[in-house]
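Heads up: the structure comes next, in structure tokens.
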Protein chains: 2
Amino acid sequence: MISQEMYELGSKRSVIREIFEFGKKRAAEVGAENVYDFSIGNPNVPAPESVKRAIIEILEDEDPVAIHGYTSAQGDFDVRKTIAESINKRFKTNFNADNLYMTMGAAASLCACFKAIANSGDEFVTFAPYFPEYRCFVEAMGAKLIVVPAQIENFQIDFDEFEKRINKNTKAVIVNTPNNPSGIVYTEETIVKLADILKAKSKEYGHPIYLISDEPYRELAYDVEVPYLTKYYDNTFVCYSYSKSLSLPGERIGYIVVPDEMEESRKVYAAVCGAGRALGYVCAGSLFQKVAAKCVCDTSDISIYKKNRDLLYDGLIKLGYKCVKPEGAFYLFPQSLEKDAYAFCEKAKKYNLLLVPGDDFGCPGHVRISYCVTTEQVIKALPAFEKLAKEYAK
Amino acid sequence: MISQEMYELGSKRSVIREIFEFGKKRAAEVGAENVYDFSIGNPNVPAPESVKRAIIEILEDEDPVAIHGYTSAQGDFDVRKTIAESINKRFKTNFNADNLYMTMGAAASLCACFKAIANSGDEFVTFAPYFPEYRCFVEAMGAKLIVVPAQIENFQIDFDEFEKRINKNTKAVIVNTPNNPSGIVYTEETIVKLADILKAKSKEYGHPIYLISDEPYRELAYDVEVPYLTKYYDNTFVCYSYSKSLSLPGERIGYIVVPDEMEESRKVYAAVCGAGRALGYVCAGSLFQKVAAKCVCDTSDISIYKKNRDLLYDGLIKLGYKCVKPEGAFYLFPQSLEKDAYAFCEKAKKYNLLLVPGDDFGCPGHVRISYCVTTEQVIKALPAFEKLAKEYAK
């Protein structure tokens with residue numbers, strides 16, 4: 001009599017959860033320092049000191065009724081203005097406060113965009129490997145998720161496969177660059193080609209196909225620039241989160257950009273506001289809106305992730321693992337050493353290595369390694385990866 | 001091509017918003033101190049000092065990765081345990097951590113409950129006067145809102161009208177006591193009778209009819225006890241928020257109670273978790289979860305609201321207004337002095353009195369007066385209410 005769909009969503013034990021439980025059990029047996037848990041995408045680098053300073057300054061200087069009071073549903077005007085100006089400065093865009101809608105993090109950003117534009121029968125296209133919650137969010141908003149298979153040589157886009165999956169029902173395309181789980185950043189070439197196809201197909205079908213850019217990992221990019229997508233394609237939503245850039249995943253703070261260049265931009269923005277209302281968001285947390293604005297130029301110490309990536313990528317390649325070199329986020333996504341990634345992850349457990357099979361990300365035959373861990377863990381884990389590889393070399 | 005429904009939800013100018021804009025205009029003309037704005041339900045009493053202390057203590061004493069990290073989706077275990085124990089102590093209930101699900105405030109609590117139990121075709125019943133967002137939330141979750149007309153003598157429940165509106169499609173009944181906009185607290189007699197009907201009807205239709213208790217005003221009760229509803233009816237969800245009790249409306253922190261006594265309680269709890277996931281909630285803000293637990297025994301200085309209520313209620317009655325005496329929340333809901341509450345509110349504007357017509361609350365012929373304002377404003381406004389009354393006495 002309750003919603004069967006919600007019951008299933010809430011009761012299905014996730015693979016990551018099961019790995020977590022195994023990890024706890026093993027830690028009790030062999031000591032936590034001897035379990036190499038690479039399963040969790042939770043930043044291990046603390047928030048920058050400026051976050052703590054900002055919170056205390058706000059508490060000391062401002063009126064508590066204003067600090068903790070409702071902001072307007074789209075977020076505090078000054079906060080939105082500050083963030084818009086910061087984006088403009090960094091990416092030579094031209095946003096103002098009214099292009100931004102503050103949210104409770106990336107999941108809320110995505111859900112509000114999906115709900116704002118989805119009608120029954122609509123299709124949302126994404127590219128494997130992809131963040132599995134997309135399916136849950138898209139389906140909850142009454143639409144259907146269509147997955148383009150991975151181009152496993154480089155995890156850029158397989159455009160032939162993509163074009164086969166666009167049709168008159170295609171409402172939007174979701175991209176996530178830097179990517180969870182591959183760590184890949186789409187090249188400018190990929191973006192330009194994607195934009196060209198979307199322009200042509202929008203024209204062909206007589207309605208805009210939106211591009212939804214899920215950007216929690218924007219600031220976590222090593223050696224490369226991450227193209228700012230509104231500059232390549234007008235009908236782009238940017239869904240941003242401070243979870244990773246400021247190591248605030250539990251605080252749920254982020255925003256959506258609806259650029260003026262978007263077709264009927266103000267109407268779409270109003271629909272985002274309507275979606276936020278229908279989803280019970282009311283407003284993003286008021287203190288952390290102000291914190292985000294005060295720390296708009298800061299990030300956590302990302303150099304630790306880069307160091308981990310280098311050690312782990314170089315180490316695995318030397319051991320014979322096949323892996324596309326990631327340029328961002330805090331994930332590596334190597335091929336499993338046998339076809340069945342689940343079986344491979346089971347074997348890895350023998351060496352206290354906790355990895356996540358790629359199947360849930362729409363990419364079998366691969367495993368996700370989250371390297372948001374201490375560098376010490378990375379160094380200590382490499383011999384375990386070596387033993388695991390040797391088991392397959394027999 | 002976007003969602004027309006979301007566009008309409010996001011673009012419809014609300015009555016309260018229009019009053020707010022008028023207030024700004026008048027303030028520029030006659031000075032803010034001469035505009036008596038009784039339209040907004042935003043606490044004017046600051047958060048207790050303990051909130052600031054709690055935040056600073058947490059920042060000083062705890063690891064930033066833990067402070068700002070993801071909690072489990074249902075909320076930090078220790079936070080839930082502390083809150084459950086506090087409820088048990090106050091209301092002689094028997095909850096544990098796993099009966100609680102932490103949320104981003106009352107709106108999120110309601111949406112998660114609605115989504116967890118609603119199937120297409122379901123009806124949710126509520127009693128006028130009622131919080132207008134119920135309609136938006138219920139419809140967004142795919143169900144239908146049925147409104148029982150107000151019993152205007154005392155704003156308790158008109159049970160004859162209620163029974164006419166229950167049928168096999170009734171999934172839940174929503175109550176809000178203390179009530180927005182009437183300020184009325186349901187008596188124990190009302191609760192017992194409501195529970196008896198729900199028990200009988202659940203039996204008749206062979207499925208539970210849930211009771212959803214929306215409790216953002218629980219702590220704002222004057223001279224009376226607010227019955228704790230799970231003790232009267234097993235299939236009760238409690239939707240709580242700290243917005244008013246701790247004056248933290250912008251921080252979006254609250255919880256849902258799913259008691260063990262509920263039919264298939266663990267299954268329902270799982271569906272609430274599923275709903276939170278589908279709505280993009282991820283987890284309630286981690287810092288404010290901890291703050292709520294630390295301040296579990298505190299409230300803002302509620303005596304100010306009581307003082308305002310007494311001054312305003314006594315003053316209006318003396319002036320000849322008809323009003324049921326409110327025992328909680330920070331609202332008075334008197335009859336308008338002409339049948340058309342909109343016309344009455346227009347006349348009130350001449351005296352710089354900003355009131356909200358009762359029509360949106362499902363109760364025409366009444367106006368809502370929010371007295372979460374300074375006592376000075378209440379005192380200064382009474383002569384304006386007098387002039388307004390005199391206009392009708394002519």
Side-chain angles (χ1 to χ4, degrees), chain A residues 1-3 5-11 42-44 46-47 51-52 55-56 59 63-65 68-71 104-105 107-108 110-112 115-119 133 136-137 140 207-208 247-252 267-268 270-275 277-283 285-288, chain B residues 1-3 5-11 42-44 46-47 51-52 55-56 59 63-65 68-71 104-105 107-108 110-112 115-119 133 136-137 140 207-208 247-252 267-268 270-275 277-283 285-288:
Chain A
M1 276 302 302
I2 56 172
S3 164
E5 206 185 328
M6 292 307 117
Y7 168 63
E8 279 165 19
L9 267 183
S11 57
N42 204 352
N44 67 308
V51 164
K52 182 175 166 182
I55 296 173
I56 290 173
L59 291 177
D63 168 23
V65 171
H68 304 300
Y70 292 113
T71 70
M104 304 274 198
L110 293 168
C111 287
K115 181 100 180 157
I117 61 174
N119 289 300
E133 290 297 279
C136 163
F137 299 157
H207 66 81
S247 293
L248 299 174
E251 306 301 358
R252 314 306 309 144
K267 205 172 161 177
V268 175
V272 169
C273 294
R277 192 175 158 196
L279 294 168
Y281 295 168
V282 184
C283 67
S286 48
L287 175 63
F288 278 94
Chain B
M1 277 302 301
I2 56 170
S3 164
E5 204 185 328
M6 292 307 117
Y7 169 64
E8 281 167 17
L9 267 184
S11 57
N42 204 352
N44 67 307
V51 163
K52 182 174 166 184
I55 297 173
I56 291 174
L59 291 177
D63 168 22
V65 172
H68 304 301
Y70 293 112
T71 70
M104 304 274 199
L110 292 170
C111 286
K115 182 100 179 156
I117 61 173
N119 289 299
E133 291 298 277
C136 163
F137 299 156
H207 65 81
S247 292
L248 298 175
E251 306 300 358
R252 315 306 308 143
K267 204 170 162 180
V268 175
V272 168
C273 295
R277 192 176 157 196
L279 294 167
Y281 295 167
V282 184
C283 67
S286 48
L287 176 63
F288 279 94

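Only heavy atoms go into these numbers, but all of them, side chains included; no hydrogens, no water, no symmetry mates. Letters go in sequence order (proteins before strands), and every chain restarts at 1.
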>> Using heavy-atom distances under 4.5 Å, tell me whether B:V51 contacts chain A through its side chain, its backbone, both, or neither.
In response: side chain
>> Can you tell me which of A:L110, A:V65, A:N119 forms the most heavy-atom pairs within a distance under 4.5 Å of chain B?
In response: A:N119
> Under a 4.5 Å heavy-atom cutoff, which of A:G10, A:A140, A:G250 has the most pairs with chain B?
Replying inline: A:G250
>> Which heavy atom of B:F137 sits nearest to which heavy atom of A:A278, and what is that distance?
In response: CD2-O, 4.3 Å
> Does some side-chain heavy atom of A:R277 sit less than 4.5 Å from a side-chain heavy atom of B:C136?
Replying inline: yes
>> Show the nearest heavy-atom pair for residues A:H68 and B:S247, with the distance to one decimal.
In response: CB-O, 3.7 Å
> Between atom CG of A:L279 and atom CE of B:M104, what is the distance when rounded to the nearest 0.5 Å?
Replying inline: 12.5 Å
> For the residue pair A:S3 and B:A271, what are the closest heavy atoms and their distance?
Replying inline: O-CB, 4.5 Å
>> Taking side chain as everything from C-beta outward and backbone as N, CA, C, O, which of these in A:A118 sits under 4.5 Å from a heavy atom of chain B? Side chain, backbone, both or neither.
In response: backbone
> If you tally heavy-atom pairs under 4.5 Å against chain B, which of A:H207, A:E8, A:E5, A:K115 wins?
Replying inline: A:K115
>> Quick check: do B:R252 and A:C283 have side-chain heavy atoms less than 4.5 Å from each other?
In response: yes
>> Please classify the contact of A:P249 with chain B as side chain, backbone, both or neither, using a heavy-atom distance under 4.5 Å.
In response: both
>> Restricting to non-hydrogen atoms, name the atom on B:A107 and the atom on A:G280 that form the minimum distance, rounded to 0.1 Å.
In response: CB-O, 3.6 Å
> Run the side chain to side chain contact (heavy atoms under 4.5 Å, CB included) check on A:E133 and B:V282 step by step: do they pass?
Replying inline: CA-CA 10 Å; A:E133 290 297 279; B:V282 184; over 6 Å; no
>> Between A:N44 and chain B, with a heavy-atom cut-off of 4.5 Å, which part of the residue counts as in contact: side chain, backbone, both or neither?
In response: backbone
> When heavy-atom pairs shorter than 4.5 Å are enumerated against chain B, which of A:G105, A:G285, A:A47, A:P208 gives the highest number?
Replying inline: A:G285
>> Which atoms of B:C273 are under 4.5 Å from chain A, going by heavy atoms: the side chain, the backbone, both sets, or neither?
In response: both
> NZ of B:K267 to CE of A:M6: how many Å apart, nearest 0.5 Å?
Replying inline: 14.0 Å
>> Looking only at heavy atoms and a cut-off of under 4.5 Å, which of A:L59, A:V272, A:I55 has the most pairs with chain B?
In response: A:L59
